[in-house]
Number of protein chains: 2
Amino acid sequence: MKIDPDSAKDLSAQIASAIRDAIVSGDLPVDKRLPSESELAEQFNVSRPTVREALKRLAAQSLIRTQRGATGGAFVNRLKFEDAYGQQITTSTLLLSMNAVSFRTACEARYALERACAPLAATRRSPDHLATMRAEAHRQAQPGLTDEAFCASDVAFHRALVDAAGNPVLSYQLAGAVEAMQPLMNMITFSARDRAKIIDLHNRIADAIDAHEAQSADTLLAELADYTQSLAESVFAERAAKKT
Amino acid sequence: MKIDPDSAKDLSAQIASAIRDAIVSGDLPVDKRLPSESELAEQFNVSRPTVREALKRLAAQSLIRTQRGATGGAFVNRLKFEDAYGQQITTSTLLLSMNAVSFRTACEARYALERACAPLAATRRSPDHLATMRAEAHRQAQPGLTDEAFCASDVAFHRALVDAAGNPVLSYQLAGAVEAMQPLMNMITFSARDRAKIIDLHNRIADAIDAHEAQSADTLLAELADYTQSLAESVFAERAAKKT
DNA sequence: AATTTTCATTTGTCAGACAATTAACCGTCT
DNA sequence: AGACGGTTAATTGTCTGACAAATGAAAATT
């Protein structure tokens with residue numbers, strides 16, 4: 001771990017990189033305690049505040065956790081899927097909002113990924129996942145539901161579908177895409193007829209997954225994707241027309 | 001932005017959260033300059049080092065960038081896809097290694113995602129992407145190629161395939177999965193016969209994408225997935241047998 | 001008018017100090 | 001001996017104050 005004081009990067013960034021590399025390479029195993037802040041400061045030949053800034057950078061990525069007290073210190077953190085979800089959602093949300101990714105692009109990505117899960121879900125779905133899917137579809141049919149609540153339930157339905165695939169890597173990858181899209185979805189107003197159509201598709205998707213019919217689920221998802229796209233387009237077109 | 005000194009969390013973590021929320025909600029727009037560290041310290045009623053730790057946390061997530069000098073300060077950063085790639089790859093790599101995700105699971109996820117891209121790639125592929133795919137397939141056929149170089153070329157081939165789908169969100173999502181898997185792939189030794197089979201599939205996939213034949217590309221990818229799985233299994237089985 | 005110098009502002013870094021927390025250690029009492 | 005309680009040392013969290021380095025703007029000079 002060598003530090004170049006003349007580098008363009010901050011010292012704290014360099015130190016963070018050095019430690020991060022050690023973690024990613026497996027050099028520092030999970031739950032290994034790092035040297036104390038004072039020792040690190042001595043090793044890297046910097047002051048303690050600088051070391052602390054480096055450690056906070058790593059903590060922000062959930063790479064380490066810190067504990068106070070006599071036996072405390074900074075420990076290499078076992079990255080949980082749960083931790084990764086949060087970061088992925090933050091990152092995806094900002095990517096979508098800051099880079100003006102079109103609804104079309106985001107929607108396309110989301111449904112493409114979901115269709116990738118469908119065959120696996122059709123094979124492995126548990127009663128649990130099916131129950132969630134059906135419960136959400138039922139909730140969506142309740143009268144007086146706000147658009148926001150409808151969207152939230154929609155997200156829950158699709159998360160259950162993805163989780164049914166039984167592949168944590170896929171669940172993790174998709175969580176970001178699905179949840180990050182919620183703000184965009186919330187911009188849409190769903191009429192009663194729109195909702196009925198979507199709920200019908202949800203129910204038929206649940207049926208297909210239930211019956212292990214992968215091909216049928218895929219077709220239905222494609223139909224749902226198309227319908228969502230057209231819905232969004234008409235909403236945006238109408239909004240654009242009102243402006244003039 | 002209120003800070004609770006009695007909270008379980010560190011002050012710097014609370015301050016980082018407050019600012020992060022303001023950014024994600026759009027309250028702080030891109031390129032907006034934050035107050036200076038001294039001003040923030042006064043606003044939050046903490047010392048400057050504490051504020052700095054909070055800012056470093058945000059910098060670690062590429063949410064802000066800082067600049068020295070008279071007109072310097074911390075600015076809300078426009079998150080680039082490129083920045084997001086790096087974080088995604090780090091996170092995915094650690095998730096796979098720390099949580100002992102099986103090769104089977106990782107491989108399944110990767111090919112499921114790739115197959116989701118195939119239909120789009122078949123529609124939109126540019127000569128550029130096709131050229132890359134063919135170049136990499138050709139490179140893979142060169143004699144004397146190390147296993148590692150073969151894997152690297154494999155990654156390049158598949159990245160081109162994904163990029164050919166022309167959807168940056170998909171590219172971003174998949175970059176993590178594909179690159180994070182490389183360490184796992186590097187554990188495999190590819191015999192000449194294995195390589196020949198893989199290269200043949202790569203060529204046929206490129207042909208299918210070239211000819212806009214989505215269905216055919218999908219089938220070939222499925223075949224490649226199966227073959228990779230069986231290859232890995234036999235390698236691992238052989239290794240296990242040698243141990244005894 | 002163009003150029004150079006000065007200056008104010010801001011981040012980067014350092015040194016030292018104290019508070020808060022926590023587990024281990026030690027002594028006392030039962 | 002064992003349980004209980006106080007002490008202590010180690011470690012992170014926070015604060016204060018200071019100086020260095022960078023940088024653009026303003027002022028002074030040519």
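Each chain gets a letter, A, B and so on, in the order its sequence line appears, and its residues count up from 1. Scope of the values below: all heavy atoms of this structure, side chains included, with no hydrogens, waters or symmetry mates. Computed from a predicted model, the values in this text were never measured in an experiment.
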- Query: Which nucleotides of nucleotides 11-19 of chain D have their base under 4.0 Å from a protein heavy atom (B), which only their sugar-phosphate (S), and which neither (-), written as one string 5' to 3'?
  - Reply: BBBBBB-B-
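With salt bridges taken as basic N to acidic carboxylate O contacts below 4.0 Å, one links A:Arg139 and A:Glu136. Salt bridge status for B:Asp154 with B:Arg110: present, with a side-chain N to carboxylate O gap under 4.0 Å.
Evaluation of the side-chain hydrogen bond (donor to acceptor under 3.5 Å, both in side chains) test over residues 180-190 of chain A, restricted to residues two or more places apart or in two chains, returns none. Sequence neighbours left out, the pairs with a member in residues 57-68 of chain A that pass side-chain hydrogen bond (donor to acceptor under 3.5 Å, both in side chains) are A:Ser12-A:Arg57, A:Arg20-A:Gln61, A:Asp31-A:Arg65, A:Ser62-A:Gln87, A:Arg65-A:Asn77.
With sequence neighbours left out, the salt bridge (charged side-chain N to carboxylate O under 4.0 Å, His left out) criterion links B:Arg124 to A:Glu108. In this structure, A:Tyr172 has no ring pair (Phe, Tyr, Trp, His ring centres under 6.0 Å) partners at least two apart in sequence or on a different chain.
Both the sub-6.0 Å distance and the 45° axial angle are satisfied by B:Arg159 relative to the ring of B:Tyr85.
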Are there any protein N/O atoms within less than 3.5 Å of an N/O atom in nucleotides 4-6 of chain D, and if so, which ones and at what distance?
none

